[in-house]
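Letters A, B, ... are given to chains in the order of the sequence lines, protein chains preceding strands, and every chain is numbered from 1.
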2 protein chains.
Amino acid sequence: MKKYFTIQQMAKTTGLTEYTLRYYERIGLVKFIARKDNGHRQYSSNDLQWIEFLMRLRATGMPIRDMQRFAELRYQGDKTVAKRKAMLIVHLEKVQQHINEWMKYKRVLIQKIEYYSNLKQKR
Amino acid sequence: MKKYFTIQQMAKTTGLTEYTLRYYERIGLVKFIARKDNGHRQYSSNDLQWIEFLMRLRATGMPIRDMQRFAELRYQGDKTVAKRKAMLIVHLEKVQQHINEWMKYKRVLIQKIEYYSNLKQKR
DNA sequence: CCTTGACTTAGAGTGCACTCTAAGTTGTAT
DNA sequence: ATACAACTTAGAGTGCACTCTAAGTCAAGG
């Protein structure tokens, strides 16, 4: 019992616009979306999962170019698993660095806020 | 014994380009940079600290518009401390949210990597 | 019949934050 | 003297990731 989605439903579910969904297809991030008799896209829940994964990669700052590379590998099938894994490991490291950086900046912010609080007490 | 920097030295120290340093002045993020007799900028270590703080705000995703607002308040002096503090508290919350989000995505990445590892073992 | 919601290609426009160029000036260093 | 490193204004260009428009087609539902 498979569930299918129209492009509009996908837009609503993912938060991407229909434009972006077509754009992602155009640039090869998403491929082989099933079509109804009338040519309308029929996204499967599998497609949804893939798009949501893409969204996470974007949200963690992966450039479109790299995502295209990743998608290309994915669509080549299981033989590229090692390469994809390697890409994700590299990306994970970047994500970790980013988190570290932001935590450092967070501390700076907290210090600044504390500094402002102390200033207030003095006057 | 004050230390002064030329724009070139500032560029090197901060990692910003000279263009960007002038641009930040143009849009009001940085003001009242001292000048030598010949009109050349003389950045003080105080200026450096301010610019480095601005860079941290940028690095943590604060839009230029908000930074302009913050800078404006700063240049209005101590009477705006409360407002600046409030801005930083709001920003801190965003930074925290962002860190949480990225940590969530990090876990997703780790799971995916593990999934790939398991796939490999099966073949 | 006509509105709705898809679809197509190709290309233009947007917003952000720079980044650079042009075309000139001025003062210091070799 | 000449090269160098600044400086100015004003505006153009860049790169990214969308976002939208034009101008048309097509098929089902009320």
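With B/Thr14 contributing its side chain and B/Met10 its backbone, the two residues share a donor-acceptor pair below 3.5 Å.
Listed by first then second residue, pairs satisfying side chain to side chain donor-acceptor pair (under 3.5 Å) with a partner in residues 54-63 of chain A read A/Thr60-A/His91, not counting sequence neighbours.
In 5' to 3' order, the nucleotides of DNA chain C bounding all contacts with chain A (an atom under 4.0 Å from a heavy atom) are C/dG5 to C/dG11.
For B/Arg41, the side-chain hydrogen bond (donor to acceptor under 3.5 Å, both in side chains) partners at least two apart in sequence or on another chain are B/Glu25. Scored by the side chain to side chain contact (heavy atoms under 4.5 Å, CB included) test, A/Glu101 finds A/Tyr105 as partners (sequence neighbours excluded).
Within 6.0 Å of NZ in B/Lys31 there are more than 12 heavy atoms belonging to other residues, nucleotides or ligands. The number of heavy atoms from other shown groups lying within 6.0 Å of NZ (B/Lys12) does not exceed 12. Enclosure of atom NZ in A/Lys94 is not indicated, since only 12 or fewer non-hydrogen atoms of other residues, nucleotides or ligands lie within 6.0 angstrom.
Side-chain polar atoms of A/Ser117 and B/Lys85 form a donor-acceptor pair below 3.5 angstrom.
DNA chain D is contacted by both B/Ile7 and A/Arg26; B/Ile7 maps to the nucleotide lying nearer its 5′ end (nearest heavy atom per residue). Nearest-nucleotide mapping onto DNA chain C: of B/Tyr19 and A/Thr6, the residue sitting toward the 5' end is A/Thr6.
Distance check, rounded to the nearest 0.5 Å: CG of B/Leu109 to CD1 of A/Ile89 gives 10.5 Å.
Using the six-membered ring where Trp is involved, A/Phe70 and A/Trp50 have ring planes that are parallel, under 30° apart on the 30 and 60° scheme.
Taking a 4.0 Å limit (strictly below) on heavy-atom distances, residues 61-72 of chain A reaches DNA chain D at A/Pro63, A/Ile64.
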Please produce a list of atom pairs where a protein N or O lies less than 3.5 Å from an N or O of nucleotides 25-27 of chain D.
none

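Computed from coordinates, the B/Leu21 CG to D/dA5 P distance equals 17 Å when rounded to whole Å.
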